[in-house]
There are 2 protein chains.
Amino acid sequence: MSRITVLLVDDHLVVRSGLRALLGTQPDMEVVAEASSGGEALELVRVHSPAVVVMDLAMGPGMDGIEAIRRIRDLDSRQAILVFTTYDSDADIVRAVDSGAMGYLLKDAAPEEIFAAIRGAVQGRSVMSPPVASRLFQQLRNPDEVLTPREAELLSLLTEGLSNRELGRRLFISEATVKTHLAHIYAKLGVDTRAAAIATAIRREGMR
Amino acid sequence: MSRITVLLVDDHLVVRSGLRALLGTQPDMEVVAEASSGGEALELVRVHSPAVVVMDLAMGPGMDGIEAIRRIRDLDSRQAILVFTTYDSDADIVRAVDSGAMGYLLKDAAPEEIFAAIRGAVQGRSVMSPPVASRLFQQLRNPDEVLTPREAELLSLLTEGLSNRELGRRLFISEATVKTHLAHIYAKLGVDTRAAAIATAIRREGMR
DNA sequence: CGGTCCCTCAGCCTTTTGGCTGATACGGCT
DNA sequence: AGCCGTATCAGCCAAAAGGCTGAGGGACCG
């Protein structure tokens with residue numbers, strides 16, 4: 001039986017080495033290449049056509065993970081893409097999933113979890129770390145807590161530290177409207193000050 | 001000649017595996033133990049007395065890296081402690097250094113850089129990644145912009161979204177004092193609202 | 001011992017923010 | 001046609017935050 005070919009994508013050499021070492025213990029898996037950036041990943045997918053691509057989302061300057069996923073998908077190849085990252089931000093999860101990722105693992109996952117995810121991925125099954133799954137679940141149960149596009153836009157600017165007046169100017173709306181949006185955002189995030197909203201947004205929504 | 005004994009401390013198994021694999025290629029180094037938390041690290045230092053402790057600063061709940069460094073120092077042992085982390089935040093660098101760290105490496109460092117740092121550390125030399133060095137340099141040139149310990153502490157809580165009243169309660173100081181500290185922090189960060197301070201802190205100081 | 005930081009606190013005043021209520025308008029869905 | 005979600009705006013009021021000045025005590029250092 002032929003082994004599962006894997007491409008590792010992460011900008012940190014230690015992480016790649018670690019994954020390579022871990023996967024090396026599994027007789028049915030083989031790391032065929034490593035990339036340290038999105039562009040490199042794209043190239044190596046073309047060259048090696050790996051069965052699975054395991055990749056980090058945050059990768060220094062240049063193409064980010066989400067973009068890389070989309071581009072790999074566009075190659076029409078049948079690679080299963082697994083996200084392997086440190087943070088479980090709502091925004092990242094959603095974007096990764098609808099960019100075509102097959103699974104979402106956190107870096108503190110147990111080895112068995114990683115192996116299972118890779119094997120599952122080639123069989124077309126989705127696997128994700130429990131914290132990730134529960135976040136998705138959370139969103140499905142409480143659609144009321146999902147920000148509207150306009151609110152997300154405002155929140156994003158909010159994390160830059162702008163005042164209501166500045167927010168209004170940037171979005172071409174009155175300060176009154178800004179306040180209305182903010183009130184809705186606060187309610188959805190479960191906070192009651194802009195400071196807490198920023199903190200929550202950056203930590204939970206991954207807006208950095 | 002006896003090999004340099006190393007203790008790895010990182011909450012991510014992949015990172016530990018990666019480091020172990022990398023250090024395994026060096027004949028003069030030997031990983032004698034791995035810890036996934038600060039507490040565990042402390043215990044293993046006692047047991048193995050490694051020559052070098054390579055450790056991450058961010059380690060889930062419980063004791064953080066800085067605290068762990070201090071505790072290891074307090075054991076009076078002569079371990080050389082190397083910080084090996086993802087972010088080069090000003091605050092972390094300063095705190096790590098004056099907690100007794102011998103060097104400060106970023107996770108995207110080249111293997112040779114890591115090896116050199118470990119060898120240097122046992123010989124009492126400090127080694128740090130170029131970005132880290134330049135930050136320290138920057139701080140030496142503009143000492144006016146360096147936050148005092150108390151200010152850093154306050155800023156850290158600020159990024160959790162607390163109000164002045166809450167900050168005061170947490171730090172056992174009056175709201176007036178909180179406002180004084182905030183004013184100083186704003187001046188040093190070059191902002192004039194708490195929202196902007198939080199944004200700057202998280203992006204520039206790496207406080208998340 | 002004087003100078004310099006750092007941390008602490010107070011009062012006063014202005015600006016900003018947040019909570020509330022209510023209103024208009026547009027698009028889509030039923 | 002009605003309903004609902006979204007986006008827009010207004011006014012009012014209370015609370016929070018920010019700017020300013022001044023000030024005392026403790027630690028460290030030359």
Side-chain angles (χ1 to χ4, degrees), chain A residues 91 94 139-202 205, chain B residues 90-91 94-95 97-99 139-202 205 207:
Chain A
V94 171
Q139 292 207 338
L140 290 181
R141 273 193 317 189
N142 299 353
D144 286 357
E145 292 176 10
V146 178
L147 300 179
T148 68
R150 194 56 158 171
E151 285 162 0
E153 194 179 357
L154 206 143
L155 179 56
S156 167
L157 287 177
L158 190 65
T159 64
E160 317 226 321
L162 304 187
S163 70
N164 291 347
R165 191 185 310 269
E166 292 168 322
L167 289 172
R169 263 203 273 272
R170 287 277 201 105
L171 299 175
F172 306 106
I173 57 182
S174 79
E175 213 176 314
T177 305
V178 170
K179 292 173 80 172
T180 303
H181 284 310
L182 281 181
H184 293 159
I185 291 173
Y186 294 165
K188 291 180 180 179
L189 295 186
V191 300
D192 54 4
T193 66
R194 69 175 47 218
I198 294 173
T200 303
I202 293 179
E205 305 292 324
Chain B
D90 288 347
V94 171
R95 290 190 301 153
V97 168
D98 71 39
S99 293
Q139 294 206 337
L140 289 181
R141 276 191 313 190
N142 299 357
D144 287 357
E145 292 175 10
V146 179
L147 298 180
T148 69
R150 195 56 158 171
E151 286 162 0
E153 195 180 355
L154 206 144
L155 180 56
S156 166
L157 287 177
L158 191 65
T159 63
E160 316 222 324
L162 304 187
S163 69
N164 290 348
R165 189 186 310 270
E166 293 167 320
L167 289 172
R169 263 202 272 273
R170 288 277 201 106
L171 298 175
F172 306 108
I173 57 180
S174 79
E175 213 176 315
T177 305
V178 170
K179 291 172 86 170
T180 303
H181 284 310
L182 283 181
H184 293 158
I185 291 173
Y186 295 165
K188 290 180 181 179
L189 295 186
V191 301
D192 55 2
T193 66
R194 67 173 47 216
I198 294 173
T200 304
I202 292 178
E205 305 290 324
M207 289 176 171

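Note on naming: letters A, B, ... go to the chains in the order of the sequence lines (proteins, then strands), and numbering restarts at 1 for each one. Source: prediction; values computed, not measured.
Listed here is the closest heavy atom pair of B:Ala195 and A:Ile198: CB-CD1, 3.5 Å. Residue A:Ala199 comes nearest to B:Gly161 through the heavy atom pair CB-N, 4.1 Å, listed as atom of the first residue, atom of the second, then distance.
In this structure, A:His184 places its NE2 atom 10 Å from C1' of D:dA7, rounding to the nearest Å. If you measure from atom CZ of B:Arg165 to atom P of D:dG18, you get 14 Å, rounded to the nearest angstrom. Distance CG (B:Leu155) to C1' (C:dC7): 17 Å, rounded to an integer number of Å.
One finds a side-chain N or O of B:Arg194 lying less than 4.0 angstrom from the OP1 or OP2 phosphate oxygen of D:dA17. The phosphate of D:dA7 (OP1 or OP2) has a side-chain N or O of A:Thr148 nearer than 4.0 angstrom.
With rounding to the nearest 0.5 Å, the separation of CG in B:Leu157 from CZ in B:Arg169 is 13.5 Å. The line from OG1 of A:Thr200 to CD of B:Glu160 is 10.5 Å long, rounded to the nearest 0.5 Å.
Against DNA chain D, the stretch residues 171-182 of chain A makes heavy-atom approaches under 4.0 Å through A:Ile173, A:Ser174, A:Ala176, A:Thr177, A:Thr180, A:His181.
Listed by chain and residue number, nothing satisfies the salt bridge (Lys or Arg N to Asp or Glu O under 4.0 Å) test with B:Arg170 (two or more places apart in sequence, or in another chain).
Closest approach to the A:Glu151 side chain among D:dA16, C:dT17, D:dA7 is made by D:dA7 (side chain taken as heavy atoms from C-beta onward). Here C:dT17 is the nucleotide among C:dG19, C:dT17, D:dT6 with the atom lying nearest to any side-chain atom of A:Asn164.
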